[in-house]
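First up is the structure itself, then whatever we jot down about it.
Numbers here are sequence positions counted from 1.
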Amino acid sequence: MILFVEHDMLVSGPDLATCERHARLFFAKSQLVHYDSVEIDHPHSANGADPRFNELLQGALAENRRILGELMGKLQEEGCATLEDLLALPQGFKSKLLHTISHLLDGFFGIDSRFFDIDEISHWLTDHRKRQLAERPEECWLLRIKAQMVYGQGFEKKSD
């Protein structure tokens with residue numbers, strides 16, 4: 001089976017080539033996410049000074065919120081509606097949902113991450129990054145990553 005994933009990675013650098021190297025190094029050093037291929041989708045990547053940048057960035061952030069909402073909805077469907085319910089949360093599917101939700105909130109990158117700021121280690125825009133985007137947009141690049149991993153038939157899907 002082949003898993004196809006897209007990520008929008010925000011990274012700082014003087015030019016696109018530097019930012020691409022930074023993103024590739026991020027994936028090469030990731031301890032939990034290992035893809036068989038990582039490609040930069042140049043038509044869907046943009047510099048902070050590009051007129052498309054804000055629309056692409058807002059779309060990526062909205063996708064993180066959508067994914068987070070979907071995971072929280074699934075957890076509620078499984079009967080976890082209050083903080084007190086966490087005390088009785090069984091290990092398995094329900095705890096995995098909570099685990100993934102926590103990663104999206106705490107900045108731990110995973111295959112469910114749509115938007116991720118490599119420099120700030122965040123799934124959201126930090127105040128520091130907002131200032132940088134306002135003051136030096138040409139140093140910020142949003143790179144669309146198209147990645148894939150093959151698993152099955154003796155290969156297990158890698159997860160944390």
Side-chain angles (χ1 to χ4, degrees), residues 1-12 22-41 44-46 48 52-134 140-160:
M1 178 193 250
I2 300 175
L3 175 67
F4 296 96
V5 181
E6 285 187 354
H7 303 288
D8 290 302
M9 311 295 279
L10 190 57
V11 60
S12 298
H22 193 114
R24 289 185 188 284
L25 183 61
F26 173 83
F27 284 105
K29 290 189 169 205
S30 174
Q31 295 180 10
L32 296 176
V33 177
H34 301 278
Y35 294 123
D36 295 311
S37 71
V38 173
E39 300 301 326
I40 310 296
D41 180 357
H44 292 97
S45 298
R52 304 170 305 140
F53 181 83
N54 193 52
E55 182 180 343
L56 292 170
L57 177 62
Q58 294 308 316
L61 288 164
E63 189 63 13
N64 267 7
R65 283 189 294 278
R66 184 196 66 75
I67 291 166
L68 187 57
E70 185 178 287
L71 291 168
M72 291 174 67
K74 286 180 185 177
L75 189 57
Q76 287 178 326
E77 288 172 12
E78 292 292 325
C80 185
T82 69
L83 290 175
E84 287 78 27
D85 294 336
L86 296 177
L87 293 171
L89 194 67
Q91 187 175 3
F93 177 71
K94 294 177 189 180
S95 64
K96 182 65 174 173
L97 286 171
L98 180 62
H99 183 93
T100 304
I101 289 167
S102 297
H103 282 319
L104 283 168
L105 294 172
D106 72 6
F108 205 89
F109 182 79
I111 63 169
D112 295 298
S113 305
R114 177 52 192 259
F115 168 80
F116 191 76
D117 186 332
I118 293 175
D119 300 327
E120 297 290 316
I121 310 171
S122 177
H123 288 95
W124 315 103
L125 283 182
T126 64
D127 289 338
H128 175 262
R129 180 59 90 182
K130 289 175 187 175
R131 281 191 305 278
Q132 184 183 19
L133 283 167
C140 301
W141 294 80
L142 186 64
L143 304 179
R144 170 75 48 90
I145 306 295
K146 292 187 175 256
Q148 65 179 355
M149 106 176 44
V150 179
Y151 64 96
Q153 298 180 352
F155 296 97
E156 294 301 318
K157 181 178 172 183
K158 296 173 184 170
S159 66
D160 59 344

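Not one N or O on the side chain of Asn64 forms a donor-acceptor pair closer than 3.5 Å with the backbone of Leu61. In terms of modelled atom types and a separation under 3.5 Å, the side chain of Asp8 and the main chain of Phe115 share no donor-acceptor contact. No donor-acceptor pair closer than 3.5 Å links the side chain of Asp41 to the backbone N or O of Lys146. Checked by atom type and distance alone, the side chain of Thr82 pairs as donor or acceptor with a backbone atom of Asp85 at under 3.5 Å.
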For this session: Quick one: do Tyr35 and His7 satisfy ring pair (Phe, Tyr, Trp, His ring centres under 6.0 Å)? Show the steps, please.
Result: CA-CA 12 Å; Tyr35 294 123; His7 303 288; 5.8 Å; yes
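Environment of CD in Glu6: crowded, with over 12 heavy atoms of neighbouring residues, nucleotides or ligands closer than 6.0 Å. A 6.0 Å sphere centred on CD1 of Ile121 holds no more than 12 heavy atoms belonging to other residues, nucleotides or ligands.
To the nearest 0.5 angstrom, Leu56 atom CG is 6.5 Å from Arg144 atom CZ. Atoms CD1 and CH2, from Ile40 and Trp141 in turn, are 11.5 Å apart once rounded to the nearest 0.5 Å. Taking CE from Met9 and CG from Asp117, the interatomic distance works out to 9.0 Å, rounded to the nearest 0.5 Å. With rounding to the nearest 0.5 Å, the separation of OG in Ser95 from CD in Glu78 is 11.0 Å. Going from atom CD1 of Ile118 over to atom NE2 of His22 covers 5.0 Å, rounded to the nearest 0.5 Å. With values rounded to the nearest 0.5 angstrom, Met72 atom CE is found 7.5 Å from Leu105 atom CG.
Listed by chain and number, the residues in a salt bridge (Lys or Arg N to Asp or Glu O under 4.0 Å) with Arg66 are Glu63, Glu70 (sequence neighbours excluded). Considering only residues two or more places apart in sequence or on other chains, Asp119 meets the salt bridge (Lys or Arg N to Asp or Glu O under 4.0 Å) condition with Arg129.
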